[in-house]
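Structure first, then comments.
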Amino acid sequence: MKNIAVFGSTGSIGVQTLSVCSSHEELFHVAALIFGSNIEAGLCQIDLYHPEFVGVFDENAAKELHVLRPNINIVSGDAVWDIAGYDSIDIVVNGVIGFSGTFPLIKALEAGKAVALANKESVVCAGSLVRAAQAKGNGVILPVDSEQSAVFQCLAAGRRSDVSSLILTASGGAFRGYDRQRLAHVTPEMAMKHPTWSMGKKITVDSATLFNKGLEVMEAAFLFDMSVDDIRVLIHPQSIVHSMVEYADGSVIAQMSVPDMRLAIQYAMTYPVRVDCPAARLDLASCAGLTFEEPDRELFPAIGLAYRAVRTGGALPVAYNSANEVAVRRFIDGELGFLDIADCVAYVMDNIPQGDIPDMKTLLELDGEARRLAALFKADN
């Protein structure tokens with residue numbers, strides 16, 4: 001029996017993680033639930049799973065929850081990140097959205113935990129600090145993003161020294177095939193309707209802009225110690241092939257399944273063992289066809305900006321992620337247009353001070369500066 005801490009329990013990854021736990025009560029015990037402020041959903045989860053620890057990042061929500069459930073051990077504020085390092089926790093599922101996911105990841109790795117990682121922003125922004133945390137505590141990262149999980153599984157087919165390239169697939173989002181004129185009129189409501197996946201608002205917008213894929217390129221370079229020049233992106237609208245690995249002899253190994261995040265989540269939680277999963281099985285006979293195409297990098301510059309950020313290093317990966325978080329929020333709030341998101345990120349990358357990131361203080365300063373610049377960005381810059 002493994003004790004699981006679910007960070008971001010009320011979000012998409014958290015809910016699907018709990019579905020896996022419910023399907024395998026003989027394997028997993030939900031020892032900790034950590035969420036932001038969604039008291040209604042959090043209460044339902046607490047009453048269902050009876051965790052030993054509950055973390056609520058929002059202080060006011062934590063006070064409200066304490067009134068409703070006075071006998072529960074509730075941790076609030078920044079102290080919630082410490083739960084990732086508690087002795088009783090075996091696996092930390094990190095489903096926190098955005099830069100904040102860096103904190104539980106580092107805490108867990110320093111404590112020697114296995115981390116089922118769905119938060120790509122943490123390794124993108126804090127790669128050197130994450131490496132240091134791993135070295136300190138011998139914690140391990142097991143990828144949960146469907147693309148990174150697919151690569152992880154495909155790498156088992158051969159020696160790492162024989163790997164030629166990684167091929168990440170992307171659905172293309174809601175606006176594949178649009179021209180610039182149509183993209184200029186995209187609304188937040190349109191951007192938050194994904195054709196194949198059910199996800200939160202921010203990641204759904206990132207899928208539409210391909211910033212999510214840019215972050216995945218950067219994440220793959222870190223997780224699999226690959227040169228970014230050996231990582232490709234292909235648009236695959238059917239979302240059946242989740243990614244591929246090409247070997248030196250020209251063989252391409254692909255991981256295929258229905259588009260259901262529970263498969264990747266469960267594999268990270270049970271690795272290296274495979275067990276039955278609540279997700280549907282893939283029926284190849286019902287697949288009318290699998291297609292692949294190159295992304296349009298002119299209309300969707302997020303991928304090119306990601307390659308630039310990785311090659312340059314330093315502050316640029318932080319600028320890429322943090323500026324995008326602000327730009328997406330401004331887009332959802334109606335302050336920026338769809339095409340302005342990439343322009344905002346490029347502006348911040350062009351203007352942020354360069355430098356190494358030796359510690360968390362420097363990282364937080366760079367993150368703050370990137371967000372300040374993104375908030376000041378005007379569409380006519």
Side-chain angles (χ1 to χ4, degrees), residues 1-9 13-14 17 21 27-34 51-55 57 73 75-145 148-149 151-152 155 160 215 218-226 264-273 313 317-318 321 356-364 366-367:
M1 180 75 71
K2 295 179 179 179
N3 289 326
I4 311 296
V6 185
F7 280 78
S9 67
I13 293 296
T17 298
C21 291
L27 298 177
F28 307 118
H29 167 61
V30 179
L33 294 169
I34 301 91
E52 283 77 32
F53 309 103
V54 174
F57 189 75
N73 185 1
V75 179
S76 62
D78 290 340
V80 300
W81 309 131
D82 295 333
I83 297 174
Y86 283 7
D87 289 342
S88 60
I89 302 299
D90 298 310
I91 299 175
V92 172
V93 178
N94 188 349
V96 176
I97 298 296
F99 178 82
S100 296
T102 304
F103 301 105
L105 174 61
I106 288 178
K107 292 279 188 181
L109 294 175
E110 287 181 339
K113 308 299 182 183
V115 182
L117 183 66
N119 176 279
K120 58 184 70 65
E121 295 88 349
S122 52
V123 297
V124 166
C125 294
S128 60
L129 303 183
V130 173
R131 289 275 187 239
Q134 284 183 293
K136 178 179 179 180
N138 294 316
V140 297
I141 297 175
L142 298 166
V144 163
D145 274 336
Q148 312 299 0
S149 177
V151 170
F152 183 59
L155 286 173
R160 291 297 296 271
L215 289 167
M218 301 161 79
E219 181 186 24
F222 175 88
L223 290 178
F224 307 115
D225 196 22
M226 291 287 291
I265 293 168
Q266 179 175 290
Y267 187 65
M269 292 169 63
T270 62
Y271 177 79
V273 177
V318 180
N321 173 75
D356 295 330
I357 305 176
D359 50 40
M360 184 61 75
K361 179 177 181 291
T362 304
L363 176 62
L364 292 172
L366 285 171
D367 172 66

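Quick caveat: nothing in here was measured; it's all calculated off a predicted structure. For the single chain, residues carry numbers from 1 onward in sequence order. Reckoned from all heavy atoms, side chains included, excluding hydrogens, waters and symmetry mates.
Pairing each heavy atom of Asn3 with each of Ser88, the nearest pair is ND2-O, 3.0 Å. Residues Leu109 and Val130 come closest through the heavy atom pair CD1-CG1, 3.6 Å. Residues Ile89 and Ile83 share a closest heavy-atom pair of CG1-O, 3.8 Å. The heavy-atom pair separating Ala126 from Leu363 by the smallest distance is CB-CD2, 3.6 Å. The two residues Val80 and Val75 have their closest heavy-atom pair at CG1-O, 3.4 Å. Considering every non-hydrogen atom in both Val96 and Gly101, the closest pair reads CG1-N, 3.7 Å.
Here the CG atom belonging to Asp145 is positioned 10.0 Å from the CD1 atom belonging to Ile265, to the nearest 0.5 angstrom. We find the CG-CG distance between Leu142 and Asn94 to be 12.5 Å, quoted to the nearest 0.5 Å. One distance of note links OH of Tyr271 with CZ of Phe152; it measures 4.0 Å at 0.5 Å rounding. For the atom pair CG (Leu223) and OG (Ser149), the distance works out to 11.0 Å, reported to the nearest 0.5 Å. Here Glu219 contributes atom CD and Leu117 contributes atom CG; the two are 6.0 Å apart, rounded to the nearest 0.5 Å. For the atom pair CG of Asp90 and NE2 of His29, the computed distance is 10.0 Å after rounding to the nearest 0.5 Å.
With sequence neighbours excluded, the residues forming a ring pair (Phe, Tyr, Trp, His ring centres under 6.0 Å) with Phe53 are Tyr86, listed by chain and number. In this structure, the salt bridge (Lys or Arg N to Asp or Glu O under 4.0 Å) partners of Asp82, at least two apart in sequence or on a different chain, are Lys107.
Both tests hold for Arg131 against Phe222: distance to the six-membered ring centre under 6.0 Å, angle to the ring axis within 45°.
Phe57 is listed as a side-chain neighbour of Asp78, based on a closest heavy-atom distance under 4.5 Å. Using a 4.5 Å heavy-atom cutoff, the side chains of Asn119 and Leu105 are not in contact. For the pair Lys120 and Asn321, the minimum side-chain heavy-atom distance is 4.5 Å or more.
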Apply side-chain contact (heavy atoms from CB on, under 4.5 Å) to the pair Thr102 and Glu121, showing each step before the final yes or no.
CA-CA 7 Å; Thr102 304; Glu121 295 88 349; 5.9 Å; no
Show the numbers, then the answer: is there a side-chain contact (heavy atoms from CB on, under 4.5 Å) between Gln148 and Val144?
CA-CA 7 Å; Gln148 312 299 0; Val144 163; over 6 Å; no
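Ring orientation note: the planes of Trp81 and Phe103 are close to parallel, at an angle under 30° on the 30°/60° scale.
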